[in-house]
Amino acid sequence: MSKITGHIYNFFSRFKFHIVIIFGVLIVGVLDENSFMKRIEYAYQIEDLKAEIQKYDSQYQHDTQQLKELKTDPKAIARVARERYFMKADDEDIFVLSDDEQQTENTAKNETTE
């Protein structure tokens with residue numbers, strides 16, 4: 001048993017600086033909560049959040065412009081009501097077109113019998 005512990009002791013005494021350096025690089029580079037890996041992840045998160053902020057800023061600018069337009073122009077209110085809520089004037093007809101495919105009765109019956 002003493003031979004095994006002697007070999008282990010000799011190995012650690014010979015490579016003690018290498019072991020400490022490798023252990024330190026692992027802690028600083030990968031394992032620690034302030035490691036380089038975490039810093040890279042945080043940088044990517046910051047980029048994503050900045051892009052999201054920019055998207056919401058542009059949406060805010062668009063909505064602010066539309067709100068100013070709604071406050072000043074009565075025709076804009078009618079346009080928004082027609083576009084979003086499918087409202088119509090008394091002398092108009094509205095047709096809503098859909099890209100959804102409707103199943104016919106024959107195909108629905110065939111699927112249930114299979």
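Bear in mind that the values here come from a model prediction, so they are computed numbers and not experimental data. The analysis underlying the following values was restricted to heavy atoms, covering all of them including side chains, and did not include hydrogens, waters or symmetry mates.
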Enumerate the residue pairs fulfilling ring pair (Phe, Tyr, Trp, His ring centres under 6.0 Å) with a member in residues 3-35, sequence neighbours excluded, ordered by first and then second residue. Phe11-Phe15, Phe15-His18

How close do Val80 and Gln66 get, counting heavy atoms only, and between which atoms? CG2-NE2, 3.8 Å

Interatomic distance, NZ@Lys38 vs CD1@Ile40, rounded to 0.5 Å, equals 12.0 Å

Reported CD1-to-CD1 distance for the pair Ile27 and Ile22, which is rounded to 0.5 angstrom: 12.5 Å

Please list all pairs meeting salt bridge (charged side-chain N to carboxylate O under 4.0 Å, His left out) that have one or both residues in residues 40-56, counting only residues at least two apart or in different chains. none

Side chain to side chain contact (heavy atoms under 4.5 Å, CB included) with Asn34: which residues, sequence neighbours excluded? Asp32

Within residues 67-78 or reaching into it, pairs that qualify as side chain to side chain donor-acceptor pair (under 3.5 Å) - sequence neighbours excluded: Glu69-Arg79

Going from CG on Leu70 to CD on Gln65, what distance comes out if it is rounded to the nearest 0.5 angstrom? 10.5 Å

Listed partners of Glu33 passing side chain to side chain contact (heavy atoms under 4.5 Å, CB included), at least two apart: none

Please name all residues satisfying side chain to side chain contact (heavy atoms under 4.5 Å, CB included) with Val25, sequence neighbours left out, ordered by chain then number. Ile21

Could you measure the distance from the OG atom of Ser35 to the CG atom of Leu26? Nearest 0.5 Å is fine. 11.0 Å

